[in-house]
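Only one structure is covered here, and it is reproduced in the block below.
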Amino acid sequence: MAKILLVEDEEKLARFVELELTHEGYQVDKAFDGRIGLDMAENGGYDLILLDIMLPGLNGLEVLRRLRRSSHTPVIMLTARDAVMDKVTGLDTGADDYVTKPFSIEELLARIRVALRRGEGEGNAGTHLGCGDLTMDVARRRVERGGHEIELTGREFALLQYFLENKTFVLTREQLLERVWGYEYMGETNVVDVYVRYLRNKIDEAFDKKLLHTVRGVGYVLREEA
Ligand code: CA
């Protein structure tokens with residue numbers, strides 16, 4: 001049974017989420033204050049942390065920053081609508097995902113399942129993803145193609161990981177922007193094209209068989225062509 005820490009100062013919301021998660025079979029502890037939440041997160045042996053941003057004591061981003069010095073426990077940020085900066089900062093600080101308030105419980109449960117799966121993989125031998133002769137060791141943050149290590153920035157790594165997790169599926173720019181950058185779609189997707197170009201230069205440029213393909217008018221897909 002997975003153990004989840006919920007750090008949220010809106011008591012009504014916290015109680016509701018606790019009830020729903022308990023109903024799903026999770027063990028849930030609550031903290032209403034950032035400082036207490038951080039202490040519990042560091043010492044409680046949790047499998048996952050749900051972390052609000054606006055908190056008394058210590059705000060959620062600061063809790064996350066301090067927690068990441070010593071812990072890789074998956075963290076899902078609970079963010080207010082329109083707080084794009086919070087999401088970006090959260091993901092850059094090491095959050096695994098975010099959910100925008102108000103969220104449906106189904107959406108939260110889905111994100112929790114994904115984050116827990118990812119966490120499990122890292123706890124064991126580490127998640128290995130691959131496509132053709134390209135391999136990614138997620139826990140060690142190592143990418144190789146044809147036996148040669150490829151250096152990627154944090155964002156390039158996150159982008160490639162998302163492509164690998166959704167291998168052979170065509171992904172739209174909007175999807176990539178939301179899942180890799182944490183932005184909601186606001187009509188601006190150039191950043192995706194720019195990063196896909198960076199990534200291509202590193203993983204495909206030196207090889208005959210290209211892995212990252214443009215699907216005209218739709219988006220991109222990572223797959224091995226026959
Ligand atoms: Ca709050």
Side-chain angles (χ1 to χ4, degrees), residues 1-120 122 154-155 158 162 174-186 188 191:
M1 180 172 51
K3 233 176 119 181
I4 298 177
L5 174 65
L6 171 62
V7 190
E8 167 64 76
D9 62 321
E10 287 166 55
E11 296 197 23
K12 251 173 118 173
L13 177 62
R15 268 206 307 278
F16 168 70
V17 171
E18 178 188 31
L19 206 69
E20 294 287 340
L21 295 187
T22 308
H23 184 71
E24 291 295 316
Y26 296 113
Q27 187 188 330
V28 182
D29 288 335
K30 295 195 303 273
F32 300 121
D33 168 289
R35 223 168 269 283
I36 294 166
L38 175 62
D39 188 54
M40 289 171 76
E42 283 175 330
N43 301 298
Y46 294 99
D47 299 299
L48 174 75
I49 295 158
L50 302 175
L51 184 59
D52 183 29
I53 291 187
M54 295 296 286
L55 287 167
L58 206 59
N59 80 56
L61 290 172
E62 191 52 35
V63 171
L64 178 63
R65 195 167 293 129
R66 296 190 192 186
L67 182 68
R68 278 290 174 258
R69 290 178 194 154
S70 61
S71 159
H72 296 291
T73 308
V75 172
I76 299 177
M77 306 296 291
L78 309 177
T79 74
R81 185 167 288 288
D82 298 333
V84 171
M85 270 320 293
D86 287 348
K87 289 168 200 161
V88 176
T89 312
L91 291 172
D92 283 344
T93 308
D96 298 82
D97 206 349
Y98 67 89
V99 177
T100 306
K101 292 178 188 176
F103 48 80
S104 73
I105 200 69
E106 288 74 21
E107 184 191 2
L108 181 64
L109 289 170
R111 302 290 180 92
I112 288 175
R113 282 192 292 270
V114 170
L116 284 173
R117 265 206 306 276
R118 218 176 270 162
E120 261 168 35
E122 288 181 16
R155 187 69 76 189
Y162 192 65
E174 289 79 9
Q175 259 175 315
L176 290 165
L177 196 63
E178 184 174 339
R179 304 306 304 174
V180 179
W181 276 263
Y183 296 114
E184 273 171 46
Y185 177 59
M186 291 177 296
E188 185 52 67
V191 66

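All heavy atoms count here, side chains included; hydrogens, waters and symmetry mates do not. Remember, it's 1-based here, ligands and their atoms both numbered in the order they're listed.
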**Report entry** Side-chain ion pair, E8 and K101, N-O less than 4.0 Å
**Finding:** yes
Query raised in the report: Charged N to carboxylate O below 4.0 Å: is that the case for R68 and D96?
Result: yes
**Report entry** M40 atom CE, over 12 foreign heavy atoms within 6.0 Å
**Finding:** yes
**Report entry** Residues that R66 engages under side chain to side chain donor-acceptor pair (under 3.5 Å), provided they are two or more places apart
**Finding:** E62
Query raised in the report: Number of protein N/O/S atoms less than 3.0 Å from the Ca ion (ligand 1)?
Result: 3
Query - Which atom of A95 lies closest to which atom of M77, heavy atoms considered - result: CB-CG, 3.5 Å
Requested in this report: Could you walk me through whether D47 and Y26 pass the side-chain hydrogen bond (donor to acceptor under 3.5 Å, both in side chains) test, one step at a time?
Outcome: CA-CA 10 Å; D47 299 299; Y26 296 113; over 6 Å; no
